[in-house]
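Computed from a predicted structure; not experimentally measured. In what follows, every chain begins at residue 1, and chains take the letters A, B, ... in the order their sequences are listed.
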Protein chains: 2
Amino acid sequence: MKNNIKLDGTDRKILEILQRNSNITNAQLAKEIGLSPAPTLERVNKLETSGVIKSYHAVIDPAAVGLGVSTFVMASLKGHNKENISKFITAIKAVDEVVECHHITGSGDFILKIVCADIAAYQQLMLDKVSNIEVVDSLQSMVILSTFKDSKSLPIPG
Amino acid sequence: MKNNIKLDGTDRKILEILQRNSNITNAQLAKEIGLSPAPTLERVNKLETSGVIKSYHAVIDPAAVGLGVSTFVMASLKGHNKENISKFITAIKAVDEVVECHHITGSGDFILKIVCADIAAYQQLMLDKVSNIEVVDSLQSMVILSTFKDSKSLPIPG
DNA sequence: TTTTTGGCCAAATTTTATTTGGAAAACGAA
DNA sequence: TTCGTTTTCCAAATAAAATTTGGCCAAAAA
């Protein structure tokens, strides 16, 4: 649903809270925004069906499940035409370890975020599943040494 | 809690499902993993208190709330010493529009992800809040043209 | 001014989470 | 193997939460 929904201050409060913690009960949410549960729920439902809220997710600790290496990779393609881009995207979508893929301005064409177990697994992955893609020209990896901020909250404009 | 928790196949199924959709009911989750609700809930609670599941979040559509510009920014600092890094991080953490900040290997020192309303707001933000930071040497922006993959699911190793 | 609309609340109802007690399987030690 | 211990599970009862309902009130439209 792509209604041009109008958000008021209460809606923005709801969005801020649910971005920070979506496991809050409706009753608690209602208290925090200063409404009773019924209209609170109605607003949340409207935000969901209108597409403002897209989805809800658990965030897991990568280290706790054996994922020790995260990287950003800048990828350039051999040609910048639609067909090559399409081939690249199709190939990338099939790789679970590639958790993000953005088309960007600047020297590279794409930036990827990749998560895997360790450096050995990373090397194997790049060789087998990324360098491999025929339309890929060059790749430049940046390994994440540590993450200082990873906010799940977008800054909703006033 | 940082117990060295052992995950079995059922735990991994739970994590996969909750990463994809954390709004599922416990009863439905139980059905999908092939257990009854009681042990399912017990497992989820254990995953939460052991720190494997860190948090739960709603994801909102940036465009729907008036956020039209997302970028990655590579930032180099004037010196790579602890004090400068610390100053940079403190400054960056105070900027809501900077949703991610990672220390990386390679030419730049940090990569940031920034989200804001439009190019004008982005320029203003960079001038006022980022270029400004005294320890910042150089900045290179990459504007996201489109996003083809933004998975909220980490690939949990078998 | 009257009507309509939208947003709200309190309370009833339905659904879901959570607890409980105990059965079966898995495991370890003797 | 055998006995005790621990772990994991289930069904059913209970508690908590979501959701629906009906109606009130205020703001906007006619």
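Between A/Lys6 atom NZ and D/dA27 atom P there is a gap of 18 Å when expressed in whole angstrom units. The CG atom of A/Asn23 sits 10 Å away from the P atom of D/dA18 (whole-angstrom rounding). Rounded to a whole Å, the NZ atom of B/Lys31 is 16 Å from the C1' atom of D/dA11.
Residues satisfying the ring-ring contact (aromatic ring centres under 6.0 Å, His included) test with B/His57, not counting sequence neighbours, are none. Under the rule for a salt bridge (Lys or Arg N to Asp or Glu O under 4.0 Å), the partners of A/Lys152 that lie at least two apart in sequence or sit in another chain are A/Asp150. Residues passing the side chain to side chain contact (heavy atoms under 4.5 Å, CB included) test with B/Thr71, sequence neighbours excluded: B/Val69, B/Val73, B/Ile114, B/Tyr122, B/Val143. Scanning for side chain to side chain donor-acceptor pair (under 3.5 Å) contacts around A/Glu42 gives an empty result, with sequence neighbours left out. By the ring-ring contact (aromatic ring centres under 6.0 Å, His included) test, A/Phe72 pairs with B/Phe72, B/His102, sequence neighbours left out.
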Practice item. Go along nucleotides 7-18 of chain C 5' to 3' and tag each nucleotide: B for a protein heavy atom under 4.0 Å from its base, S when only backbone or sugar atoms are that close, - otherwise. Key: SSBB-----SSB
